Amino acid sequence: MLKFFKSTSGRAASWTTFGFAASYGIRLLSTIILTRLLAPDVFGLMSLAAVFTGALAMLSDIGTIPSVIRSPRGDEKYFLDTAWTIQAVRGLWIGGLTLLIAWPASAIYGEPQLFAVLCAVAVMPVISGMNSIAVATCRRHVQLKRLTLLNMFVQILTTVANMTFAWWLQSVWALVLGSLAGALFNLLLSYVWLPRYRPKIRFDRSVMDEIITFGRWILLGTLFTYLGGKGSTAIMGLEVPVETLGLITIASTIAWALGDLVGRVLNQVAFPTMSRLHREGKPLNSPINKIKKIIFFGVLPSFLVLSFASQPLIDLLYDPRYALSGSFLGLMALNGAVGVLAMPYQNAMLAAGNSRGHSIVMAIFSASRILLMVLGAHFFGIYGLLTGLGMGGLVTTGVSILMSRKSGIGNLAYDLASFTIILPVYAYALATEVPLPT
């Protein structure tokens, strides 16, 4: 264990974990304070705005940063300049489309204020598109200390801005202005804090061909990821009142915290490491088995504890207006346990350059979650809706296991043991849920 923490991957994992703990602590403190200044419908409205901006981001994601991480030419200046140019153009494209969909979106949900909110947040992708491409370089070389500190600085400044605007405005505009301030902080610090990079507009044909060839399946994969993730929020907005959507958003912030940590470690440490191993012609089965072992003995029990402690935790952290979030958190924590099971396989497929296989898994992820969520909502209400999301995750994990087993990757014992534990707990959680008010 000591040898691991002295290695490059071990140091990167330590910084990622530290960054997550600090980030989540700041986020939780911010949420606790903001929920005392803002009503639940504010969080629901901002969540709807994020659905549409996220959709446009996914529709234009061709995997620029993963391409820099895995390409043999990822350190060359002309490659980085072309990647930055693609990133900047993409930001302008997303911003313009956000303005175009603002009015139709507000009409669909019957929320006139959503129009102005979307027009305002349209500036954010334009700002983010100009961030330094040094972010990708640091991830390529698993140099995460500066990235972790950068994210912490940005989050602290954004949190202060959110709280200040919330105290002043006490409306959704507090979160809008705070988010815009955070995007500006991130842009500035990406050039000041990270390794020196001076952008130059460049369209190198060979680089563009490489990025697009790898990224065309990334595009589909991220689109399906969005549809199964944020897209489910869009459907929830049609199924439940905006206040209830705000309560679900609060619950998901806590429920997915540990899943976010697992995702960060895999994306920032495991993915670059497995990409290097693949470039060197080494098998990926060993690192995948190690990751699955850590998830089974460390991550899964944490999700189970969170599920059982959901209501007391919500009662402790939030005022009575948010009490119903505890009922939602119990199920969403189990959904998080399911969600992390497929993550190692998805990272392995991308590291091996199999973006097509990754996109197929994400297509199944999207279709199964949405279908089962809608069916669950129709027959069993909100609890059925949330359970449907988790069952969709089980389907995705099963498909990931089958595809990975064909390549000789993975240890089926850990997966079967995880299913054996999670499914009975699901049944218990549903049997003991508090009836919803009518």
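Just so you know, these numbers come straight off a predicted model, no measurement behind them.
Here the OG1 atom belonging to T35 is positioned 8.5 Å from the CG atom belonging to L317, to the nearest 0.5 angstrom. Note that CZ of R146 and CG of N151 are 14.0 Å apart. Values are rounded to the nearest 0.5 Å. In this structure, the separation between CG on D75 and CZ on R140 is 4.0 Å, given to the nearest 0.5 Å. Between the CD1 atom in I248 and the CG atom in L389 there is a gap of 9.0 Å [rounded to 0.5 Å]. Taking CG of L394 as the reference point, atom CG of L423 lies at 5.5 Å (rounded to 0.5 Å). Expressed to the nearest 0.5 Å, how far OG1 of T159 lies from CG of L29 amounts to 8.0 Å.
A perpendicular orientation is assigned to the rings of Y322 and F43, their planes being inclined by more than 60° (bins at 30° and 60°).
Checked against the 6.0 Å centroid criterion, the rings of W173 and F165 do not qualify as a close aromatic pair.
Closest approach of V117 and A49 over heavy atoms only: CG1-CB, 3.8 Å. For the residue pair L341 and I422, the shortest heavy atom distance occurs at CD1-CD1, 4.2 Å. Shown here for V340 and G259, the closest heavy-atom pair between the two residues is CG1-CA, 3.8 Å. Annotation for V42 and V172: closest pair CG1-CA, 3.6 Å, computed over non-hydrogen atoms. Considering every non-hydrogen atom in both A255 and A333, the closest pair reads CB-N, 3.8 Å. Heavy atoms only, all atoms of each residue included: G178 and N162 are closest at CA-OD1, 3.1 Å.
Environment of NZ in K290: sparse, with no more than 12 heavy atoms of neighbouring residues, nucleotides or ligands closer than 6.0 Å. Around atom CZ of R205, no more than 12 heavy atoms belonging to other residues, nucleotides or ligands sit under 6.0 Å away.
With hydrogens and angles disregarded, a donor-acceptor distance shorter than 3.5 Å links the side chain of Q87 to the backbone of G129. A donor-acceptor pair is defined here as one N or O able to donate and one able to accept, closer than 3.5 Å; no such pair exists between the side chain of W167 and the backbone of L37. A donor-acceptor contact shorter than 3.5 Å is absent between the side chain of S307 and the backbone of F303. Not one N or O on the side chain of W84 forms a donor-acceptor pair closer than 3.5 Å with the backbone of F79. With hydrogens and angles ignored, the 3.5 Å screen pairs a side-chain donor or acceptor of N335 with a backbone N or O of L386. Between the side chain of N186 and the backbone N or O of G182 there is no donor-acceptor pair closer than 3.5 Å. Side chain of K200 to main chain of K77: no donor-acceptor pair is present (N/O by atom type, distance under 3.5 Å, no hydrogens or angles). Looking at T85, its side chain does come within 3.5 Å of a backbone N or O of R202 through a donor-acceptor pair. A donor-acceptor contact shorter than 3.5 Å is absent between the side chain of T98 and the backbone of A122. Counting only distance, with no hydrogens or angles, the side chain of T82 and the backbone of D204 share a donor-acceptor pair below 3.5 Å.
Within the 4.5 Å cutoff, side-chain heavy atoms of C119 are placed close to those of L99. Using a 4.5 Å heavy-atom threshold, the side chains of P125 and R90 count as separate. The side-chain heavy atoms of V121 and L180, taken from C-beta on, include no pair separated by under 4.5 Å. Looking at L175 and L38, their side chains come closer than 4.5 Å, going by heavy atoms from C-beta outward. Counting only heavy atoms from C-beta outward, the side chains of T397 and F419 approach each other to under 4.5 Å. Annotation: side chain of I288 is in contact with side chain of Y345 (closest heavy-atom distance under 4.5 Å). Here the side chains of L184 and L188 are not in contact, with every heavy-atom distance at 4.5 Å or above. Looking at heavy atoms from C-beta onward, F296 lies out of side-chain contact with D415 at the 4.5 angstrom threshold.
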Inset, instruction - Begin from the C-alpha positions of M46 and S179 and carry the test side-chain contact (heavy atoms from CB on, under 4.5 Å) through to its verdict. - result: CA-CA 10 Å; M46 199 64 185; S179 297; 3.8 Å; yes
Legend entry - CA sep, side-chain torsions, deciding dist, call: E76, Y78, side-chain hydrogen bond (donor to acceptor under 3.5 Å, both in side chains): CA-CA 6 Å; E76 298 172 10; Y78 71 95; 2.7 Å; yes
Inset, instruction - Start with the C-alpha distance between R73 and S206, add both sets of side-chain angles, then the distance that settles side-chain hydrogen bond (donor to acceptor under 3.5 Å, both in side chains), and finish with yes or no. - result: CA-CA 11 Å; R73 301 186 292 170; S206 64; 3.2 Å; yes
Legend entry - Residue pair Y191, R196: steps toward the side-chain contact (heavy atoms from CB on, under 4.5 Å) verdict: CA-CA 7 Å; Y191 287 98; R196 179 183 175 87; over 6 Å; no
Inset, instruction - Could you please spell out the steps behind the side-chain contact (heavy atoms from CB on, under 4.5 Å) verdict for F328 and L247? - result: CA-CA 8 Å; F328 301 149; L247 296 175; 4.1 Å; yes
Inset, instruction - Evaluate the side-chain contact (heavy atoms from CB on, under 4.5 Å) criterion for residues E111 and S106: first the C-alpha distance (whole Å), next the side-chain angles of each, then the deciding distance (0.1 Å), finally the verdict. - result: CA-CA 5 Å; E111 294 287 343; S106 65; 5.6 Å; no
